[in-house]
Amino acid sequence: MHTAADAPLNIVVLVKHVPDAQFDRHLTGENHTVERSQSILSELDEYALETALQLVEAATGDASAHKITALTMGPDAAVNAVKKSLQIGAHQGVHLNDPALAGSDAAGTSLALAAAVRHIGGDDGVDIVITGMASTEGETSLVPAQLAERLDLPQVTFVSAVELTYDGDAPVLHARRDGATHADTIESALPALVSVTDQINEPRYPNFKGIMAAKKKPLHTLSLADIGVDESAVGTSGAWTTVESADPRPPRGKGVVITDEGDAGVQLVDFLTTQKLL
Amino acid sequence: MASVLVYLDHPIVPLAKASRELLTIAATIGEPAVALGVDSLEDGVAEALGEYGVRQIYVPENPDLDKYLVAPKAAFLAVVVEQASPSAVLLDNGFESKEIAGRLGVKLSSGVITDIVSVGEDLTVMKLDLAGSYTVSAKVTHGIPVLTVKPNSAEPRVASEPTRPEQVKVAAVDVSAVNAARVTGREDKKASTRPSLSEARVIVSGGRGTNGDFSAVEAFADALGGAVGASRAATDAGWIEHSAQVGQTGQTVSPQLYISAGISGAIQQKAGMQTSKVIVAVNKDADSPIFEIADFGIVGDLFKVLPQATEEIQKRRS
C-alpha cells in the first residue's frame, strides 16, 4: 500500500467481455445467461482503463514503476477484453477462468473478483480498483459496491471526474459524482474503489506500437484454486438469486409513418387524442 | 405477518410518487415499515407514512450518514434488518439505492435484484433484461430478499385504515469504523418545474436534429406536462446536461408516451426507450431506424412540426 508521495501506484482495472450492443443479444440455456458469441471489450470499461492511464500519467515518481493490471473473469473468450486492454496501455493482464464460475450472480462475481484483487495485490495490496459504471449487459450495477464491501474499501462510485493529490505523503482521491438533484464532491484516502461514468474522459484507441507491445506483456490465467475460492461459493451453486424464466418480448410492430405536408403537427395532436394521451 | 422494510433516504411531504409506490408494494407483501437515511423526521411525514399503513419508522441516531458515500447507510440498514427481521427490503432504483442494496446484500448474505418492474406476493419479481428485449422472472434464493424497484411499477394506494407509526431510534453506527469516502461538498442542481425523467408519464427527447436548440422540444414537453430527454449525441455536444440522456449509457425510461425529435434511433438510444407504451418520432430522414419502432412517425422538420402541435394543443384547450 501507498506510504510515500513517490511510491508507485498499483491499480487494478476490471474489464469485461460483453455482447456487442450493435447486434441482437440473447439469453440462452438452462440458466438464462447471456449468449456471448459476438463479444467485445465493454465500452463502459474503456472509460475505467483510460482513468487508470491518466492517473498513472499524472502521478509522481518513477513512471515505469506504476502498474495497471487489467482483470477479467469469464470463459476462454473473455481474455480478448484483457488483450485489448494491454494494447491500449495496461501493463499486465489477469484472466480468472474457471468452469465453476458459470452462472455467477453479482454476489458470486464480487466474491471471486475480490479474491482475485487480493491475489494481485499480494502483501502490499492494491491502491485503487477501477470499474465502469455498469456492465453493458447485466446492468445490475451491483458489482462495484459489492466489491468495495467485500474488500472493505471506501467506494468512490459513479464519478465523472477523479484526481489524485498528496497531503504531505498521503495520497487523497478527489472526485465528482453527479446525481439527479445534486452533484457531490468526494474525498477518500487510498486504497479505494472507483467506478466511473461515460462522462469522465475520452478513451484512447490502441495504436500500432501498443498492439505490438501488448504481445510481450504478461498475461496470467488464474483458477478458483489459485485464489483460494471454493467452487460452491460461486456459479449457480453459490448464487443467491435465480432466474425462473426469460421470455423474449415481441418486437414492436411498425406503425404509421406520414410525411409532413404542412399539417403534421395537427395530425400528431389528432393521434395523441385518439390514443387518449392528451 | 412479517414486516416489509422500505428504505426512504429523506422523505418529505408530499411523499414522492416512487416512495408511495414502494409503500404500496410493501403493503401487498406484508406490514410496511420504513427506515430513514436521516436522523430526524420532517413535519407531516409520519402521518403521510401512516396513510400507507406503515407501523414502524426506524430513525438512525447518526446526524451524519449523508456526509459519507453509501457504506455507513448500508451499515445502518443492516442493523435495522437485524432488529426488524423483515421478510424483504425494498429500495428505489436510483444508483445510490442500488449501491446501498448491493452492500446490504453482502452484509446479510442475501440476494439482491435490481431494476424490478413488479413484485409478486411470493416475492417472485419481474424485470426487463438486455435493454427491454427480455421479460425475466427471478427470485432471491438466499437470505432476506433485497429488491430495488423502478418507478411506475405500481399504482399508489393508501391503506384502508391509516396507522400511527411508532418511531424507533436506532443506535448510531460508528462511522469512523466504516471505511467510507467523505462527501466534502454538495451543489444542488437548479430545481426544474418539469417532472423527473424517471417518473414522467410523457417524455419529449431531442437529438442531433435540434442543432443545439431545444426550445421547440421544451415547449412541446411543457404543453404535454412532460419531461425533456436527449440522445447521447446531444448531451455529448453539451447542448443539454448529461442527466437528460436517455439510452443504454444514460437513463432507461418507459413512459406512457415517448416523443423522439431529431434522433435517428441508433441501437444505444432505442435500448433506453423501446419499452415506452406509445412512441412518436419526428425526423427529417425517412430512413432513420427510429421509424421501425414508432407507433406514429412523421418525416419532417421538428422546428415546424413541434411548434404547430404545441399551438394546436393550446388552441384545443382554450
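Please read these numbers as outputs of a predicted model, since none were measured by experiment.
With contacts defined as side-chain heavy-atom distances shorter than 4.5 Å, the pair A/L277/B/V278 qualifies.
Of all the heavy atoms in B/R103 and A/A145, the pair that sits closest is CG-O, 3.5 Å. A/S188 approaches B/A181 most closely through the heavy-atom pair CB-CB, 3.8 Å. Shown here for A/V269 and B/A309, the closest heavy-atom pair between the two residues is CG2-O, 3.4 Å.
Ranked by heavy-atom pairs shorter than 4.5 Å toward chain B, the options A/A189, A/A175, A/P144, A/P248 are led by A/P248. Ranked by heavy-atom pairs shorter than 4.5 Å toward chain B, the options A/R176, A/R177, A/Q275 are led by A/R177. Ranked by non-hydrogen atom pairs under 4.5 Å with chain B, the options A/T273, A/L111, A/D263 are led by A/D263. The choice from A/G265, A/G255, A/P250 that makes the most heavy-atom pairs within less than 4.5 Å of chain B is A/G265. The choice from A/T241, A/D260, A/T259 that makes the most heavy-atom pairs within less than 4.5 Å of chain B is A/T241. Of the listed residues (A/V156, A/D105, A/L272), the greatest number of heavy-atom pairs within a distance under 4.5 Å of chain B belongs to A/L272.
Both the backbone and the side chain of A/A148 come within less than 4.5 Å of a heavy atom of chain B. For a residue to count as touching a neighbouring chain, one of its non-hydrogen atoms must lie under 4.5 Å from one of that chain's; by this rule A/I186 touches chain B with backbone and side chain alike. For A/T197, no part lies under 4.5 angstrom from a heavy atom of chain B. Neither the backbone nor the side chain of A/L147 comes within contact range of chain B, judged by heavy atoms closer than 4.5 Å. Of the atoms belonging to A/A183, heavy atoms from both backbone and side chain fall under 4.5 Å from chain B. Heavy-atom distances place both the backbone and the side chain of A/A264 under 4.5 Å from chain B.
Using a 4.0 Å cut-off between a side-chain N of Lys or Arg and a carboxylate O of Asp or Glu, B/R316 and A/D270 qualify as a salt bridge.
Within the structure, ring pair (Phe, Tyr, Trp, His ring centres under 6.0 Å) contacts touching residues 237-278 of chain A (residues at least two apart or in different chains) are A/W240-B/H142, A/F271-B/F296. Pairs of residues two or more places apart, or lying in two chains, never qualify as side chain to side chain donor-acceptor pair (under 3.5 Å) while including a residue from residues 299-309 of chain B.
Remark: side-chain polar atoms of A/T185 are paired, donor with acceptor, to backbone N or O of B/G185 under 3.5 angstrom. The backbone N or O of B/T184 lies less than 3.5 Å from no partner atom in the side chain of A/E187, so there is not a single donor-acceptor pair. Listed for the B/N179 side chain is a donor-acceptor partner under 3.5 Å among the backbone atoms of A/D152. Side chain of B/T135 to backbone of A/R249: no donor-acceptor contact under 3.5 angstrom is found.
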